[in-house]
2 protein chains.
Amino acid sequence: MISSIAELIADRIGTMPAGERRAAQTLVASYPMIGLKTVAEFSAAAGVSSPTILRFVSRLGFQNYPEFQSSLQDELAAQLQSPATRTLIAPSPGGGTAPPMLEATLDNMRETFKHLSDRQLADIAGRLADRRGKTFLIGGRFTDPLARYMAAHLAVIQSDVFHLAGQESMWRDRLIDMGKRDVLVIFDIRRYQESLARFAEKAHQRGVQIVLFTDQWLSPIARFARHVIAGRTAVPSAWDSSAALFVVAETLIGAVTRQLEAEGARRIREMEDLR
Amino acid sequence: MISSIAELIADRIGTMPAGERRAAQTLVASYPMIGLKTVAEFSAAAGVSSPTILRFVSRLGFQNYPEFQSSLQDELAAQLQSPATRTLIAPSPGGGTAPPMLEATLDNMRETFKHLSDRQLADIAGRLADRRGKTFLIGGRFTDPLARYMAAHLAVIQSDVFHLAGQESMWRDRLIDMGKRDVLVIFDIRRYQESLARFAEKAHQRGVQIVLFTDQWLSPIARFARHVIAGRTAVPSAWDSSAALFVVAETLIGAVTRQLEAEGARRIREMEDLR
DNA sequence: CAAAATACGTAACATACGGTACAGCGCTCC
DNA sequence: GGAGCGCTGTACCGTATGTTACGTATTTTG
C-alpha cells in the first residue's frame with residue numbers, strides 16, 4: 001500500500017535514471033517543500049534541467065506538474081490536520097533491517113542518558129573547559145574515531161587539545177607531557193584493549209584526570225577514571241553500537257563550547273581570519 | 001512580536017474591508033493550504049474576485065503574491081522540521097543542558113530514517129558488499145572520524161577497504177587506483193569543503209560510484225553521487241550534529257556484515273588466528 | 001568494437017497566472 | 001437628499017511558467 005508520494009519515490013527510485021534520481025533525492029531531502037515551488041526552482045536545486053523534473057513527476061504517475069503539486073498539498077493538509085499522525089517512523093511491520101536497529105539505538109540513548117546526571121555532565125564539561133591544563137584524547141580500535149571527532153571540535157575552541165594517534169610507542173612517550181592539571185579522555189569498549197589499560201594506569205599514576213567513555217560492563221580502566229560514562233551498546237547487529245557514546249560526546253562538546261563562549265568565539269574568529 | 005502570518009492576519013483583520021476580511025477568514029479557516037494555491041482558486045474559495053485577494057495580500061505587507069506564498073512555505077517548513085518545538089512550548093522545567101540536546105538528536109534520527117527507505121539502504125549495502133571493486137572512504141574536517149569509523153569496521157569483514165587520510169595530495173593521487181567497479185564513500189556536511197567536491201568530481205569522471213553522507217541541504221557533491229544519505233544535523237548547540245549520520249553508518253555496517261556473513265565469518269576467524 | 005537505445009539538455013512555444021486600469025456601485029457624511 | 005469617497009468586480013495586459021520537440025551525448029547490448 002502506497003499512501004504518500006515519499007513512499008512512491010522510495011519504491012521507484014531504483015528504476016530511475018541518474019538525473020531523475022537526483023531530483024528524487026533533492027525532493028526527499030527537504031520533503032516536501034521543494035515540490036511546492038516552481039519547476040525552475042526545483043530543477044535548480046537538484047542541479048538538473050526543467051524537463052528532467054517533468055519527466056520525474058511523470059514517472060511518478062502524474063499527468064502534469066500542477067497535479068503533482070496538488071497531491072503534495074493534499075498530503076500536507078492531511079498531515080497538518082492530525083498532528084498525531086506524525087508518529088514518526090511509520091511502525092511499518094514488515095520492517096527490513098533499519099527499524100529494529102534504529103529503535104534499539106534510540107533506546108540505548110535514552111537509557112544512557114537516564115543513568116547520566118546533569119551534574120555529572122556539567123562536572124565533566126567544567127573539567128574539559130578548565131584551561132589550566134592540556135586535554136589528551138585516545139580511543140581503541142573502533143572507538144578512536146570518536147576520540148578524533150571530539151578532538152576536532154575541542155581543538156577549535158581551545159588550545160592544548162591533542163589526539164593521540166599512531167603507534168603505541170608514539171603516544172606512550174607523550175606521558176612525560178602529562179601532569180595533574182591535565183585531562184585524558186579515553187574511549188574503550190569491549191573487547192577492551194590492554195594497551196589502553198596500561199596507558200591509563202601510567203597516566204593515572206602521574207595524577208592525570210581520566211574521563212572514560214565505555215560500555216555498560218565498564219572497561220577495567222574504570223578503576224583509574226575520575227569520571228566514567230557508561231553507554232549502552234547493544235543492538236541487533238554483529239557489532240556493538242557506539243552511537244550512544246557519540247551523542248554523549250556531542251553533548252559534552254556543546255556544553256564545553258557554551259562555557260568557553262567568550263573565549264571560544266574569539267578563537268573561532270581568529271581562525272577564520274587565518275584562512 | 002508577530003512571527004507567523006496567522007498572527008499578522010489576526011492583528012489586522014479589524015482594519016480590513018468586507019471583501020478582504022472574507023479572504024482572511026477563508027485563509028485562516030484552512031490555514032495555510034489555500035494560500036499555497038493560485039489566486040484564482042483562493043478567490044473562488046473566498047467568494048471574492050482575484051484583485052481582492054491581491055489587495056488583501058498587499059495589505060499584509062507583501063509586495064506580490066509569490067512573496068506571500070514563499071513566506072507561507074517558509075513558515076510551513078520550519079513547522080515541519082521541528083515537530084518537537086510544537087509540543088515543547090513549555091520545555092521540561094528542570095531542564096539542564098542535556099535533555100533538549102538529546103531530544104533534538106533523537107528527533108534528527110527519526111527524521112533522517114523517515115526519509116530513508118529500506119530499499120535505499122539495502123541498495124547501498126549491496127553496493128558496499130559487492131566485492132568486485134574496492135571501497136574508499138573519506139570525510140571532511142569534522143566528519144572524517146565517521147569515515148574512519150566505518151572503514152575500521154568494513155575492513156574487518158572484507159578486503160580492499162581504504163580510508164583516505166592525510167594531506168590532499170596524498171589521496172588525490174589515489175584516484176588512479178579507482179575505476180567504475182569501485183565505491184567512494186564521502187562524508188560532507190556544512191560548511192562543505194571544496195577539496196572534497198573537486199575530488200568527488202574527478203572520481204565521478206572515472207566512473208566511481210559515489211555514496212554521499214551529507215546534511216539535509218545537500219553538499220554540492222550530491223550531483224555526482226549515485227546514492228545520497230541526507231541526515232538531519234540541527235541541534236541546540238553551536239555545532240551541527242553528525243549523530244544521525246553516525247547511526248546510518250552503523251546501520252549500513254550491520255547490513256553489509258549480514259550480507260557477507262559467510263565470507264566475513266571466515267575472515268574474522270583468520271584474523272583472530274593472526275593475533 | 002559497433003550499433004542501437006536511452007537519457008539529458010537546449011530552445012522554442014502556448015497557456016495560464018499574477019498584476020493593473022477603470023468603471024460601477026454602495027455607503028457615509030454633510 | 002445630494003455629493004464625495006471607498007470598495008469591489010470586470011476586462012485586459014505582460015510575463016513567467018509549464019510543456020514539448022529535437023539534437024546530442026552517454027550508456028547498454030549484441
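Predicted model only: the values in this text are computed from it and were never measured. Residue numbers begin at 1 in each chain, while the letters A, B, ... track the order of the sequences.
Within the 4.0 Å cut-off from OP1 or OP2 of D:dT17, not a single side-chain nitrogen or oxygen of A:Ser50 is found. For B:Thr38 and C:dA16, the shortest distance from a side-chain N or O to OP1 or OP2 is not below 4.0 Å.
Taking the six-membered ring where the residue is Trp, B:Phe68 and B:Phe42 present parallel rings, their angle staying beneath 30° rather than reaching 60°.
No donor-acceptor contact under 3.5 angstrom links the side chains of B:Lys180 and B:Gln209, judged on distance only. For the residue pair B:Asp144/B:Tyr149, the side-chain donor-acceptor check at 3.5 Å is not satisfied.
Here the C1' atom of nucleotide C:dT6 and the CZ atom of A:Arg59 are 10 Å apart, to the nearest Å. The interatomic distance linking B:Gln69 (CD) with D:dA16 (C1') rounds to 14 Å, in whole Å. Per the geometry, CG belonging to B:Leu36 stands 15 Å off P belonging to C:dC17, to the nearest Å. Residue A:Arg22 contributes atom CZ, which lies 15 Å from atom P of C:dA7 at whole-angstrom precision. Atom CD of B:Gln205 and atom P of D:dA25 are 16 Å apart (whole Å). Rounding to whole angstrom units, CZ of residue B:Phe56 and P of C:dG18 are separated by 15 Å. One can place CZ of B:Phe68 at 11 Å from P of C:dG18, the figure rounded to the nearest angstrom. Between B:Asn64 atom CG and D:dA16 atom P the separation is 11 Å, expressed in whole Å.
Counting non-hydrogen atoms under 4.0 angstrom, A:Pro51 reaches a base of the nucleic acid.
Of the candidates D:dT8, C:dC8, C:dG19, D:dT8 carries the atom nearest the B:Arg55 side chain, counting heavy atoms from C-beta on. Comparing atom distances between the B:Tyr65 side chain and each of C:dG18, D:dG9, C:dC8 picks out C:dG18 as nearest. Taking every side-chain heavy atom of A:Glu20 into account, C:dC8 is the closest of D:dC7, C:dC8, D:dT10. In the set D:dG18, C:dA7, C:dT20, the nucleotide with an atom closest to the side chain of B:Leu54 is C:dT20.
Aromatic pair A:Trp239/A:Phe142: centroids less than 6.0 angstrom apart.
Judged by a 6.0 Å distance limit and a 45° cone about the ring axis, B:Arg172 is not positioned over the six-membered ring of B:Phe199.
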